[in-house]
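One structure below.
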Protein chains: 2
Amino acid sequence: MTSAAPTSRHRLAEIGALLAEPARAGILLALIDGSARPAGELAALAGVAPATASAHLQRLVAGGLLALHAQGRHRYFRLAGEDVAHLVETLALAGAHAPAAAAVSPADTPLRRARTCYRHLAGRLGVALFERLRERDALELGSDAIRLSAAGARWLHDAGLFDDDEGLALAGRSCVDWTERRFHLAGALGNRLAERLFERGWLRPRRDSRALALGARGDAGLRALGIDWTRL
Amino acid sequence: MTSAAPTSRHRLAEIGALLAEPARAGILLALIDGSARPAGELAALAGVAPATASAHLQRLVAGGLLALHAQGRHRYFRLAGEDVAHLVETLALAGAHAPAAAAVSPADTPLRRARTCYRHLAGRLGVALFERLRERDALELGSDAIRLSAAGARWLHDAGLFDDDEGLALAGRSCVDWTERRFHLAGALGNRLAERLFERGWLRPRRDSRALALGARGDAGLRALGIDWTRL
DNA sequence: GCGTCGTTTCGGCCGCCGCCGAAGCGTCCC
DNA sequence: GGGACGCTTCGGCGGCGGCCGAAACGACGC
């Protein structure tokens, strides 16, 4: 009985150990919207002294979960990639199982309505957008990704979001939303879509929160896609 | 700046801590094919004394990752659910990133050709089956799952796999294969499909391995679905 | 009933790691 | 250059937890 995974279990344990501390878990969760934050801010967020946070950040970078970007006397940390974000969300989702909806209920309504998850959209808006894309046959289930159909590219172009044929080459991925328990669009395609929604002024970030607010041109735009923001 | 996730980071850390030890990670990986194994066997697999394994198993059960099924003087442990299997695979996949394919190369060819992942099919066969289902428009991307289309149900029925309209109500999920890096079918629908392949004698498990062998009626059956086992 | 076997509990050892304050280093600004 | 600031390194403390052998427990088979 040669154990089937001689080395992989060590790597698995390694990743587990990186998440095993509330301070580190808090740091990862604080970065899950794709933002980059300086060490001091992360220390405050995690509730530990700068010295402690520094050690944690060092370990997270060494473990490949965080990327580091030094700028002047600040050192900005962000998640090393989308797969890390996906990993953390998967784990957080699994950890929440039963009391998930209850735990997020009262003050977090804007968060549940629309927020960023790494660099794509989540919350009810993310789910609604995914549903509309499905209904319009805008998505094709590929063998290694979810891609935009020709009809989908046309639809998004007509809505003023995408340039011509933009997005046809982008690989998307479905991602289970941890508040809504339904699919939304992630991956490169999901990221681009979110990016365009910001550029076009349909959505804008709120300060100090992952939640999103409706931009000046957002209501009309979303309505043209068949989504009513006020009823989300 | 109220930290956005007051409690969830503790739960995340909790799960991380459960994975953080190579012995526990090994136990989880040993159970990822959905099998149930007695404590002693898991101790040997993890390379620790029975006493140590017992403590680990206790923690894993308390943490909700393992389920326990006592039978006589044996106590069988298995993963608590498919979401746990998905979680472990996601983590193992993320941990492997670069050297994944290399690490599995030589002796594991049967494993890469066809194996079980929890209770559904993976490996090249799993991927090929998913591709054929896609090509036949047998799958529909739902808002919370991948479901069988009417055409798909008919196709699988005609192939002698499913009973009438069986599987229309089952929720499937796509799952990224960690050797092939492509989608295959998981979830209840994927499980049922794998189950039928065993029942019909198309596939059978190998001893002491997650790899699968071709059953007596498998070659003809798969060929009728457009899959050539010998070229997988 | 009595050994055997699978499993758990107990006790003790040891190492790893999180935590902090203080000190050191580099950057920025005046 | 001097001082403020952001961050890291160092040193030391404390606790959690992994590991094992020995012993206890319960089920099975004769």
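In what follows, every heavy atom counts, from backbone to side chain, and hydrogens, waters and symmetry copies are set aside. Naming convention: chains lettered A, B, ... in sequence-line order (proteins, then strands); numbering from 1 in each chain.
The closest donor-acceptor contact from the side chain of A/Asp177 to the backbone of A/Gly123 lies under 3.5 Å. Between the side chain of B/Arg210 and the main chain of B/Arg115, no donor-acceptor pair closer than 3.5 Å is present. With hydrogens and angles disregarded, a donor-acceptor distance shorter than 3.5 Å links the side chain of A/Arg200 to the backbone of A/Gly160.
Regarding A/Tyr76, its OH atom lies at a distance of 11 Å from the P atom of D/dG6, rounded to whole Å. Residue B/Leu57 contributes atom CG, which lies 12 Å from atom P of D/dC19 at whole-angstrom precision. When rounded to the nearest whole Å, the span between NE2 of A/His10 and C1' of D/dG18 equals 13 Å. Distance NE2 (A/His69) to P (D/dC7): 13 Å, rounded to an integer number of Å. If you measure from atom CZ of B/Phe77 to atom C1' of C/dG6, you get 11 Å, rounded to the nearest angstrom. Between the CG atom of A/Leu68 and the C1' atom of C/dG26 there is a distance of 15 Å, given to the nearest Å.
In this structure, CD1 on A/Ile27 lies 13.5 Å from CD1 on A/Ile32, to the nearest 0.5 angstrom. Note: B/Leu193 CG to B/Glu166 CD = 9.5 Å, rounded to the nearest 0.5 Å.
Residue contacts for A/Ala51: at a heavy-atom cut-off of 4.0 Å it reaches a base atom on one of the strands shown.
If you check C/dT9, D/dG6, C/dG6 against the side chain of B/His74, the one that comes closest is C/dG6.
At the phosphate of C/dT8, OP1 or OP2 sits under 4.0 Å from a side-chain N or O atom of B/Arg75. Residue A/Gln71 has no polar side-chain atom (N or O) positioned under 4.0 Å from OP1 or OP2 of C/dT27. Residue B/Gln58 has a polar side-chain atom (N or O) positioned under 4.0 Å from OP1 or OP2 of C/dT9.
The side chain to side chain donor-acceptor pair (under 3.5 Å) pairs that include a residue from residues 24-35 of chain A are A/Arg24-A/His56, A/Asp33-A/Ser35, A/Ser35-A/Arg37, where partners are two or more places apart or lie in different chains.
Evaluated for a side-chain contact (heavy atoms from CB on, under 4.5 Å) with A/Leu197, the options A/Leu129, A/Leu212, A/Leu125 yield exactly one hit, A/Leu129.
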Restricting both atoms to N or O, compile the protein contacts to nucleotides 16-19 of chain C shorter than 3.5 Å, with distance only.
{"unit_1": "C/dG18", "atom_1": "OP1", "unit_2": "A/Arg24", "atom_2": "NH1", "d": "2.8"}
{"unit_1": "C/dG18", "atom_1": "OP1", "unit_2": "A/Arg24", "atom_2": "NH2", "d": "2.8"}
{"unit_1": "C/dG18", "atom_1": "OP1", "unit_2": "A/Arg59", "atom_2": "NH1", "d": "2.9"}
{"unit_1": "C/dG18", "atom_1": "OP2", "unit_2": "A/Arg59", "atom_2": "NH1", "d": "3.3"}
{"unit_1": "C/dC19", "atom_1": "OP2", "unit_2": "A/His56", "atom_2": "NE2", "d": "2.4"}

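Map A/Ala55 and A/Arg73 each onto its nearest nucleotide of DNA chain D; the residue landing nearer the 5' end is A/Arg73.
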